[in-house]
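All of these numbers come straight from a predicted model, not from anything done at the bench.
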Amino acid sequence: DLQQMCSLFNKFGYLRIASGMGNFDSAENDYQRGIALSGEIGNLSIKEVLLSNLGVCFTNKGDYRQALATLNACLAMGESYPTHWRYLVSRHHLGAFWMQMGNLDESYAELAHACEQLSAQGNRHFEVKARCDLGLFYHLAGENYCAQEELAHGLTLIEGHGDLRFEALVSTRLGYVLEAIGQLDDAGQMYAHGNDLHRQMEQEYYALNALAGSARVAGLQGDDAAALAHVEMIWETIAGQEMDATIETARTLRTCYTIFEARGDSRADAVLAMAWEQLQRRVSTIDDPEHVERFWQIEDHGFFLEVATRND
């Protein structure tokens with residue numbers, strides 16, 4: 001059953017990305033095998049799905065050149081049916097791609113369109129995913145009350161069908177927003193919930209983004225011992241490991257660096273080296289100088305740019 005084999009290659013690739021444990025080369029290999037096989041049997045529908053998810057793989061890996069080429073190839077396949085749910089999902093993926101690059105205007109156009117159309121179709125499963133990224137967009141754009149409204153709406157939608165993966169992710173991102181507007185107790189509760197759910201699903205690396213939030217909240221509330229314990233656990237897990245090359249990973253590394261550096265802990269240098277290597281690798285795949293500038297305008301990216309080049 002070659003069609004089922006294509007689907008299995010897709011699921012293997014998706015599993016690696018959804019678990020948040022890196023291993024991007026293996027995920028890419030799974031997707032590419034599925035794409036090749038779908039081409040052999042002439043199944044364009046599954047090929048479109050594989051291309052869309054491969055675009056996500058490249059985005060999370062931080063290879064924006066390949067991500068854009070892959071997502072554009074996918075969208076070209078579906079442009080004759082612009083209201084089809086699968087095409088809208090790929091539009092969402094393109095919006096998330098632009099957001100990770102720091103191109104927020106382009107990101108908003110894609111994310112808002114996907115949310116609106118998926119909502120109109122009653123496709124709550126993929127609407128939640130798109131709204132989760134739209135909420136993060138608002139937060140990055142400094143519109144935290146819009147972000148809070150969007151993410152809270154996402155949690156309401158999840159209650160209707162259940163999806164622990166996105167309940168965990170939305171909870172963590174709602175923590176970012178509540179932290180930013182000074183509601184620290186509520187932020188702490190969201191981070192704890194996100195952390196618990198991610199660990200329940202064995203998404204250990206995604207759980208660390210929530211744990212980093214708990215560290216920041218602890219520090220802001222004067223509990224330096226708890227803040228340090230949290231970042232020590234994070235660093236013990238990720239030091240030297242392959243991580244998602246995303247804004248949220250940069251924020252988690254920034255949290256570790258800031259807390260270590262404030263204590264004169266030598267681990268701060270190792271964190272900085274890891275973050276700077278990842279950011280340089282990501283930005284090297286952006287060809288437009290204007291887009292490079294926008295990349296560094298993301299606060300957590302710009303923080304490491306300033307620290308890494310302070311003495312240059």
Here's one to test your reading of the geometry: is the NZ or CZ of R251 within 45 degrees of the ring axis of Y176 and under 6.0 Å from its centre? yes

Report yes or no: do Y206 and R165 form a side-chain donor-acceptor pair below 3.5 Å? no

Could you walk me through whether Y31 and F12 pass the side chain to side chain contact (heavy atoms under 4.5 Å, CB included) check? CA-CA 8 Å; Y31 285 134; F12 273 120; over 6 Å; no

Output, in order, the C-alpha distance, side-chain angles, deciding distance and verdict of salt bridge (charged side-chain N to carboxylate O under 4.0 Å, His left out) for R254 and E299. CA-CA 10 Å; R254 177 181 178 179; E299 182 180 352; 3.5 Å; yes

What residues form a side chain to side chain contact (heavy atoms under 4.5 Å, CB included) with S19, not counting sequence neighbours? M21

Within-4.5 Å side-chain heavy-atom neighbours: W235 and V271: yes

E149 CD: over 12 foreign heavy atoms closer than 6.0 Å: no

Thinking salt bridges, do D30 and K11 make one under a 4.0 Å N-O criterion? no

Distance-only side-chain donor-acceptor flag, N209 / E248, under 3.5 Å: no

Roughly how far, to the nearest 0.5 Å, is the CD1 atom of I35 from the CG atom of N10? 9.0 Å

Would the number of heavy atoms belonging to other residues, nucleotides or ligands and lying under 6.0 Å from CD of Q280 be above 12? yes

Taking atom types as modelled, find out whether N23 and S26 have a side-chain donor-acceptor pair closer than 3.5 angstrom. yes

What pairs with H153 under ring-ring contact (aromatic ring centres under 6.0 Å, His included), at least two apart in sequence or on another chain? none

Please check if atom CD in E202 has more than 12 non-hydrogen atoms from other residues, nucleotides or ligands closer than 6.0 Å. no

Less than 4.5 Å apart, side chain to side chain, heavy atoms only: is that true for L44 and S38? no

The criterion is salt bridge (Lys or Arg N to Asp or Glu O under 4.0 Å); which residues satisfy it with E232, sequence neighbours excluded? R267

Hits for side chain to side chain contact (heavy atoms under 4.5 Å, CB included) against D223, two or more places apart or cross-chain, chain-then-number order -> A218, A225, A226

State which residues pass salt bridge (Lys or Arg N to Asp or Glu O under 4.0 Å) with E204; sequence neighbours excluded, sorted by chain then number. R199

Go through the structure and list residues passing side chain to side chain contact (heavy atoms under 4.5 Å, CB included) with E106, not counting sequence neighbours. W98, N103, H291, R294

Regarding D265 and R263, does a basic nitrogen lie under 4.0 Å from an acidic carboxylate oxygen? no

Scan residues 68-92 for pairs that pass ring pair (Phe, Tyr, Trp, His ring centres under 6.0 Å), counting only residues two or more places apart or in two chains. W85-F126

Y108: what forms a ring-ring contact (aromatic ring centres under 6.0 Å, His included) with it, not counting sequence neighbours? F137

Please check if the side chain of S52 supplies one atom and the backbone of E48 the other of a donor-acceptor pair under 3.5 Å. no

Sort out for me which residue in H125, K129, R131 forms a side chain to side chain donor-acceptor pair (under 3.5 Å) with E127. R131

Sole candidate of L88, D133, V56, L75 that passes side-chain contact (heavy atoms from CB on, under 4.5 Å) when paired with H93: V56

State the OG1-CD1 distance between T252 and I247, to the nearest 0.5 angstrom. 12.0 Å

Rounded to the nearest 0.5 Å, the OG1 atom of T285 sits from the CG atom of D63 at a distance of 5.0 Å

CE on M190 to CG on L151, rounded to 0.5 Å: 10.5 Å

Of all residues at least two apart in sequence or in a different chain, which pass the ring-ring contact (aromatic ring centres under 6.0 Å, His included) check with F9? none

ILVMFWY clustering at 4.5 Å (side-chain atoms), partners of L197: L164, M201

Close side-chain approach of E167 and H193, heavy atoms under 4.5 Å: yes

Q183: partners by side-chain hydrogen bond (donor to acceptor under 3.5 Å, both in side chains), with sequence neighbours left out: none

Within-4.5 Å side-chain heavy-atom neighbours: V292 and D288: no

Can you name the residues that form a side chain to side chain contact (heavy atoms under 4.5 Å, CB included) with T70, not counting sequence neighbours? L51, L54, F58

